[in-house]
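One structure is given below, encoded as structure tokens.
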Amino acid sequence: MSWKQKLPNYLTYSRIFFAIPITVLLFYPDFACRFAAAFLFVVASITDYFDGYFARRYSVVSAFGKLMVPVGDKILVTATLIMLVHVQKIHPYLVILLLSRDLLIGGIRAAAAADQLVIAAQSSGKWKTALQMVCIPTLILSLDLFGIPFTMLAISGLWLSVVLSTFSGYQYFAAYQKAQTKSTPN
């Protein structure tokens with residue numbers, strides 16, 4: 001397998017590894033560490049686009065990749081959100097709700113895989129992830145500039161991601177039920 005064929009998976013793995021220095025940097029309150037953490041989070045978020053792009057471009061879309069992309073996203077986002085709770089930037093309920101949805105979706109995916117069903121990613125889940133990828137570095141930096149309350153906007157955006165997360169969780173569950181009904185012989 002050439003490096004081009006491995007590149008999408010390497011980009012997915014990079015999101016998992018980026019979570020480590022981001023969480024370490026968030027232990028330190030100085031602006032340089034927060035800036036570095038936000039920068040790394042943005043770089044890791046950008047890999048989310050490019051792993052899919054290169055997988056399609058080099059025709060190496062795989063079941064493994066489809067499984068690992070959301071796992072990489074969730075590790076990056078969850079580790080960072082937990083640290084933002086630790087440094088008292090967000091409320092723990094926000095993280096609890098997002099984690100609960102992710103565990104529910106993981107269970108549905110496992111059940112679907114056991115039933116040999118494929119549940120396509122929902123657009124609301126993709127919007128949720130995109131919103132989180134924008135709001136989290138904004139919240140890490142905690143800058144309000146020119147009278148614009150970016151910190152409050154980021155917190156509001158994360159709560160909106162909880163709403164989208166809940167809706168996409170419902171969509172996954174409904175899609176699984178529908179697929180299961182179609183696959184069951186009468």
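This one's a predicted model, so the numbers in the text were calculated from it and none came from an experiment.
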Nearest 0.5 angstrom please: [X] [atom1] to [Y] [atom2], how far?
X: I90; Y: L84; atom1: CD1; atom2: CG; value: 5.0 Å
X: Q171; Y: T166; atom1: CD; atom2: OG1; value: 11.5 Å
X: R101; Y: S165; atom1: CZ; atom2: OG; value: 4.5 Å
X: K126; Y: L164; atom1: NZ; atom2: CG; value: 14.0 Å
X: M133; Y: F41; atom1: CE; atom2: CZ; value: 5.0 Å
X: I136; Y: L158; atom1: CD1; atom2: CG; value: 5.5 Å

Within one Ile-Leu-Val-Met-Phe-Trp-Tyr cluster: [X] and [Y], side-chain cutoff 4.5 Å:
X: V95; Y: L26; value: yes
X: F18; Y: V69; value: no
X: F54; Y: I46; value: yes
X: V134; Y: I22; value: no
X: L131; Y: M152; value: no

Item to check | Steps toward side-chain contact (heavy atoms from CB on, under 4.5 Å) verdict (L160, S156) | outcome: CA-CA 6 Å; L160 178 58; S156 299; over 6 Å; no
Checklist entry - Do Y172 and R109 pass the side chain to side chain donor-acceptor pair (under 3.5 Å) test, and can you show the C-alpha distance, the side-chain angles, and the key distance before you say yes or no? => result CA-CA 9 Å; Y172 267 101; R109 283 187 177 140; 2.9 Å; yes
Between [X] and [Y], is any pair of side-chain heavy atoms under 4.5 Å apart?
X: P29; Y: V87; answer: no
X: K128; Y: V163; answer: no
X: T151; Y: T138; answer: no
X: R34; Y: Y28; answer: no
X: L104; Y: I108; answer: yes
X: R15; Y: D51; answer: yes
X: Y93; Y: W159; answer: yes
X: L153; Y: I148; answer: yes

Which atoms form the tightest heavy-atom contact between [X] and [Y], and what is the distance?
X: C135; Y: G157; result: SG-CA, 3.6 Å
X: L76; Y: A44; result: CD2-CB, 3.6 Å
X: S168; Y: I105; result: O-CD1, 4.4 Å
X: I140; Y: A37; result: CG2-CB, 4.1 Å
X: L11; Y: T47; result: O-OG1, 3.6 Å

Above 12 or not: heavy atoms from other molecules or residues under 6.0 Å from [atom1] of [X]?
X: W127; atom1: CH2; answer: no
X: F39; atom1: CZ; answer: no
X: F31; atom1: CZ; answer: yes

Item to check | Pair S142-K89, side-chain donor/acceptor within less than 3.5 Å | outcome: yes
Checklist entry - Parallel, tilted or perpendicular for Y53 and F50, by the 30°/60° rule? => result perpendicular
Item to check | Whether T12 side chain and P8 backbone form a donor-acceptor pair below 3.5 Å | outcome: yes
Item to check | Check against side-chain contact (heavy atoms from CB on, under 4.5 Å), T78 and L98 | outcome: CA-CA 8 Å; T78 303; L98 289 172; over 6 Å; no
Checklist entry - Stepwise, does the side-chain contact (heavy atoms from CB on, under 4.5 Å) test hold for I155 with H91? => result CA-CA 9 Å; I155 291 170; H91 199 281; over 6 Å; no
